[in-house]
Structure formats: structure tokens, C-alpha cells
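Here's the structure we're looking at; comments come further down.
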Amino acid sequence: MNHLVKQKLGIITTDPRIKDEEAKIDHEGLKQKQKVRLYNVYIEKLLKIVLNYSRPVSQINENVALQPVTKEEILSDLLSIHGVKVAPENLSMSQDLENIGDSYLNARFFSTHFDRDFSFTFV
């Protein structure tokens, strides 16, 4: 129907010409485009995930937190802040995070909406 804009036409649903125009629409193609757009927005959201934690540091070594960030905290924040539910076994973390600074973690989860697995790395 974008060709109608070029012709400076607008057809409302009560206009008898609407049936001819609706027949020209590729409904499946539009649905596929919407899926791709939604998928891309979701991927962009995953790529922007950043979790920040404030912890007291050791007086001896200021690069080490006195209270490490635990896997449970990260899983809880992923769900509550970003709406991403990751099973504990799908978050790769060999130990709690003790070092101050950026840590990159890998996670994997299944999206029921997209019916597929996602793997991503977040800070």
C-alpha cells in the first residue's frame, strides 16, 4: 500500500477499492519482516546488558572485593532488571567474582517467544 502514498491516496476500510489493494499485500512477507525486526531488537537488548555491583574493597589489595558477587545475584539481576531468565547451569562462572573491574560472563538460555536458544556474553 506504500504506492498509494506516492499517488497521494488514502483508502479507508469502507472504500470498495480496499479489496483490490488488500489483495496486493504480501501478508506472509510482512509477518516475516515483523519477526526479523522483533528479533533484531531483542538481540540489541541482549548486547547491551551490563550489570554493576558496588562492593567494599580490601585495604590491602584494592582490586579485591570483600564480598564477592555470586552467581545467584547475577541470575536474579538478569531476571529482575533485564527480564532474561537463565538457568544456573547455563551461566558459565568458575567462581564468584572477587576482582574489581569488568568481568565478561557467558550465558545461554532458551526463548519461548522465538523458540530458539541464545548465547551471549555480558559485562
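Note: hydrogens, waters and symmetry copies are ignored here, and every other heavy atom, side chains too, is used. In this text, all values refer to a predicted model and were calculated from it rather than measured experimentally.
- In terms of hydrophobic clustering, with Ile, Leu, Val, Met, Phe, Trp and Tyr side chains grouped at heavy-atom distances under 4.5 Å, L79 and Y53 are assigned to different clusters.
- Each of V57 and V64 belongs to its own hydrophobic cluster when Ile, Leu, Val, Met, Phe, Trp and Tyr are linked at side-chain heavy-atom distances under 4.5 angstrom.
- Considering CG of L75 and CG of D77, their distance stands at 9.5 Å, rounded to 0.5 Å.
- The shortest heavy-atom contact between I74 and L91 is CG2-CD2, 3.8 Å.
- Within the model, atoms OG of S76 and NZ of K85 stand 11.5 Å from one another, a figure rounded to the nearest 0.5 Å.
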**OP:** Carefully, step by step, assess D96 and V69 under the rule side chain to side chain contact (heavy atoms under 4.5 Å, CB included).
**Re:** CA-CA 6 Å; D96 292 344; V69 178; over 6 Å; no

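- Here the straight-line distance linking atom NZ of K31 with atom CD of Q34 works out to 9.0 Å at 0.5 Å rounding.
- One distance of note links CD1 of I81 with CG of N52; it measures 9.0 Å at 0.5 Å rounding.
- Annotation for P68 and E98: closest pair CB-CG, 3.7 Å, computed over non-hydrogen atoms.
- Linking ILVMFWY side-chain heavy atoms closer than 4.5 Å, directly or via other members, places L47 and Y42 in a single hydrophobic cluster.
- Separating the NZ atom in K71 from the CD atom in E89 is a distance of 8.0 Å, to the nearest 0.5 Å.
- Within the structure, salt bridge (charged side-chain N to carboxylate O under 4.0 Å, His left out) contacts touching residues 37-66 (residues at least two apart or in different chains) are R55-E73.
- For the pair V84/I49, a side-chain contact is recorded, criterion being any heavy-atom separation below 4.5 Å from C-beta on.
- Interatomic distance, CG of L97 versus CG of D102, reported as 11.0 Å (0.5 Å rounding).
- Residues H82 and V50 approach most closely at NE2-O, 3.7 Å, considering heavy atoms.
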